[in-house]
Amino acid sequence: MTASDQETPVPEPASVRAPVPVPESATVPEPVPAPETATVPEPAPELLSEPVQAPEHEGMTPRQARTLRIVVASVLLVALAAVLAVRLASRTSVLVVGVYGLAMILCGVVIELSRHGRTRLGTWLLGAGLVAALAADWLLLP
């Protein structure tokens, strides 16, 4: 036997094969129409004639709030220094210096907090600190 007698059939590539017949009952889906382009309606002429106004801002701006808290804390600092001087003139006590000294330190802390934009925290600390100082003055100091 020769080599040409024993040749094996080589499969044909897919591009050479014959097309598969489609049965008559098969339906081809219709193409989907492309969506229409969206149109933006033009604004009414009466809307264009009025100027656009920014909404009214109620309350203080953050800068005004910081300035107000700094002023209030500074006034309280001076008032506490005056009360401390009066209390020390009537009765010298380490407790008097402690209570009013801590209240004055708290006013300084509130000023620094307000300078750095922490006005709400400063307001709460100032209120709580003044209530605590008044309570300590009433309860602890004779």
Going by side-chain heavy atoms closer than 4.5 Å, which hydrophobic residues are tied to Ile70, directly or by a chain of links?
Ile111
Quick check on the hydrophobic clustering: are Leu88 and Leu77 connected, directly or via other members, by side-chain heavy-atom contacts under 4.5 Å?
yes
Heavy-atom check, side chain of Leu130 versus side chain of Leu106, under 4.5 Å
no
Side-chain donor or acceptor of Glu112 paired with backbone N/O of Val109 under 3.5 Å:
no
Can you pull out every salt bridge (Lys or Arg N to Asp or Glu O under 4.0 Å) where at least one residue sits in residues 69-79? Sequence neighbours excluded, please.
none
For the student: nearest non-hydrogen atoms of Val110 and Ala73, plus distance
CG1-CB, 3.9 Å
Are Met104 and Val86 connected, step by step, through hydrophobic side chains (Ile, Leu, Val, Met, Phe, Trp, Tyr) whose heavy atoms are closer than 4.5 Å?
no
Euclidean distance, Thr67 OG1 relative to Gln64 CD, rounded to 0.5 Å
7.5 Å
Does some side-chain heavy atom of Leu76 sit less than 4.5 Å from a side-chain heavy atom of Leu126?
yes
Do Leu113 and Met60 belong to the same hydrophobic cluster, where Ile, Leu, Val, Met, Phe, Trp and Tyr are linked whenever their side-chain heavy atoms lie under 4.5 Å apart, directly or via other members?
yes
Side-chain donor-acceptor contacts of residues 135-142 below 3.5 Å, not counting sequence neighbours, with atom names and distances?
residue : atom : partner : partner atom : Å
Asp137  : OD1  : Arg87   : NH2          : 2.5
Asp137  : OD1  : Tyr100  : OH           : 3.4
Asp137  : OD2  : Tyr100  : OH           : 2.9

Group every Ile, Leu, Val, Met, Phe, Trp and Tyr by side-chain heavy-atom contacts under 4.5 Å, then state whether Leu121 and Val72 land in the same group.
yes
Is there a path of hydrophobic side-chain contacts, each under 4.5 Å between heavy atoms of I, L, V, M, F, W or Y residues, that connects Leu125 with Leu68?
yes
